[in-house]
Amino acid sequence: LYRRYVRLGKLSDLNAAIIRVETAIDTYAAGNPSHNDMLNVQSDLLRERFGRLGGMRDLELVEGINEEIVRRSRTGDPESTRAIAYLGVVLYKRFERIGTLGDLQKAIKLTEEALTATPLDHPDRAAGLSNLGGML
């Protein structure tokens, strides 16, 4: 459904993909590794919908999902690092929309934290540095 959404741009496909992922999340126990995988997918889909529609509710959901992933992951785990980086992006987007300086400050802190945990040769490092540069 998501791939069809990307190809055809039909919002109904994106919405249906979000519903299917929510159903999948409900089928996995919280300790199952697939549970966090599905949370990551849900976060990505909601961020996509926020990018298209700008609904603050989607941004709030992404924030909560990534906070949950960070809580459930071990420190230094790539999954935790990715979730921390996403939290930084979410807070920055909320800062852009609402203008709360605390969101910007926390976004910078989280992005720096994620970069510290990202190896120098990791392919995501350039994007993290770019995000930090934009925030600064």
Side-chain angles (χ1 to χ4, degrees):
L1 287 166
Y2 177 71
R3 287 187 178 155
R4 188 167 66 188
Y5 160 75
V6 169
R7 188 166 181 89
L8 301 176
K10 289 177 53 180
L11 189 58
S12 59
D13 287 334
L14 179 59
N15 289 332
I18 291 169
I19 291 167
R20 297 261 173 95
V21 168
E22 289 170 351
T23 301
I25 288 169
D26 292 340
T27 65
Y28 292 109
N32 186 316
S34 295
H35 187 262
N36 273 0
D37 291 343
M38 289 292 100
L39 288 174
N40 278 316
V41 171
Q42 182 185 29
S43 173
D44 291 344
L45 294 175
L46 289 167
R47 281 186 316 115
E48 177 72 28
R49 189 167 67 185
F50 170 78
R52 173 124 180 228
L53 301 177
M56 291 301 291
R57 177 72 180 133
D58 285 338
L59 204 56
E60 292 167 4
L61 290 170
V62 171
E63 180 180 12
I65 291 165
N66 284 285
E67 286 174 346
E68 181 178 349
I69 293 168
V70 170
R71 275 193 313 274
R72 292 174 183 227
S73 302
R74 295 182 325 264
T75 303
D77 182 357
E79 189 173 276
S80 175
T81 302
R82 178 179 182 231
I84 290 168
Y86 279 176
L87 273 174
V89 170
V90 166
L91 291 170
Y92 182 68
K93 290 196 177 296
R94 190 167 63 197
F95 164 75
E96 287 182 314
R97 178 69 69 81
I98 299 172
T100 304
L101 188 57
D103 283 342
L104 177 59
Q105 292 167 331
K106 190 171 180 182
I108 290 169
K109 180 179 174 279
L110 289 168
T111 303
E112 289 173 336
E113 183 180 334
L115 279 167
T116 299
T118 303
L120 294 176
D121 61 346
H122 194 280
D124 291 344
R125 189 163 176 79
L129 289 168
S130 177
N131 287 342
L132 181 61
M135 291 173 190
L136 294 171

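Atoms considered below: every heavy atom in the structure, side chains included; atoms not considered: hydrogens, waters and symmetry mates.
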Taking it one step at a time, do M56 and I98 satisfy side-chain contact (heavy atoms from CB on, under 4.5 Å)? CA-CA 10 Å; M56 291 301 291; I98 299 172; 3.8 Å; yes
Quick check: is Y92 connected to L136 through a chain of hydrophobic side chains (ILVMFWY, heavy atoms under 4.5 Å apart)? yes
What about V89 and I108, same hydrophobic cluster or not, with Ile/Leu/Val/Met/Phe/Trp/Tyr joined at side-chain heavy-atom distances under 4.5 Å? no
Name the atoms and distances for all side-chain donor-acceptor pairs under 3.5 Å in residues 112-121, with sequence neighbours left out.
unit_1, atom_1, unit_2, atom_2, d
T116, OG1, E112, O, 2.9
T118, OG1, A114, O, 2.6

So which heavy atom on M135 is nearest to which on L104, and how close? O-CD1, 3.6 Å
To the nearest 0.5 Å, tell me how far I18 CD1 sits from Y5 OH. 9.0 Å
Do L46 and R49 come close enough that some side-chain heavy atom pair is under 4.5 Å? yes
In Å and rounded to the nearest 0.5 Å, what is the CD1 to CE distance from I65 to M38? 12.0 Å
Joint hydrophobic cluster, L1 plus I19, side-chain heavy atoms closer than 4.5 Å: no
Which atom of G55 lies closest to which atom of F50, heavy atoms considered: O-CD1, 3.2 Å
Indicate, with yes or no, if I69 and L45 share a hydrophobic cluster defined by side-chain heavy-atom contacts under 4.5 Å among Ile, Leu, Val, Met, Phe, Trp and Tyr. yes
Working to the nearest 0.5 Å, report the span between CG of N131 and CG of L110. 12.0 Å
Once rounded to the nearest 0.5 Å, what's the spacing between atom NZ of K109 and atom CG of L87? 11.0 Å
Contacts of D103 that satisfy side chain to side chain contact (heavy atoms under 4.5 Å, CB included) - sequence neighbours left out: L91, R94, F95, T100
Pairwise side-chain contact, E79 with D37, heavy-atom cut-off 4.5 Å (strictly under): yes
So which pairs with a foot in residues 4-13 pass salt bridge (charged side-chain N to carboxylate O under 4.0 Å, His left out), sequence neighbours left out? R4-D13
Is any side-chain heavy atom of N36 closer than 4.5 Å to one of L39? yes
Do S130 side-chain atoms and A126 backbone N/O form a donor-acceptor pair below 3.5 Å? no
What distance do E63 atom CD and S43 atom OG have between them, rounded to the nearest 0.5 Å? 11.0 Å
Could you grab the distance from atom CG of L61 to atom CG of N66, nearest 0.5 Å is fine? 11.0 Å
Is there a donor in the side chain of R82 and an acceptor in the side chain of N40, or the other way round, less than 3.5 Å apart? yes
Are L53 and L11 packed together at the side-chain level, in the sense that at least one heavy-atom pair is separated by less than 4.5 angstrom? yes
Heavy-atom closest pair (V70 atom, A83 atom, distance to 0.1 Å) is CG2-CB, 3.5 Å
Evaluate the side-chain contact (heavy atoms from CB on, under 4.5 Å) criterion for residues E68 and H35: first the C-alpha distance (whole Å), next the side-chain angles of each, then the deciding distance (0.1 Å), finally the verdict. CA-CA 11 Å; E68 181 178 349; H35 187 262; 3.8 Å; yes
Below 4.5 Å, heavy atoms only, C-beta onward: do D44 and R47 meet side chain to side chain? yes
Common cluster, Y86/L129, ILVMFWY with side-chain heavy-atom separation under 4.5 Å: no
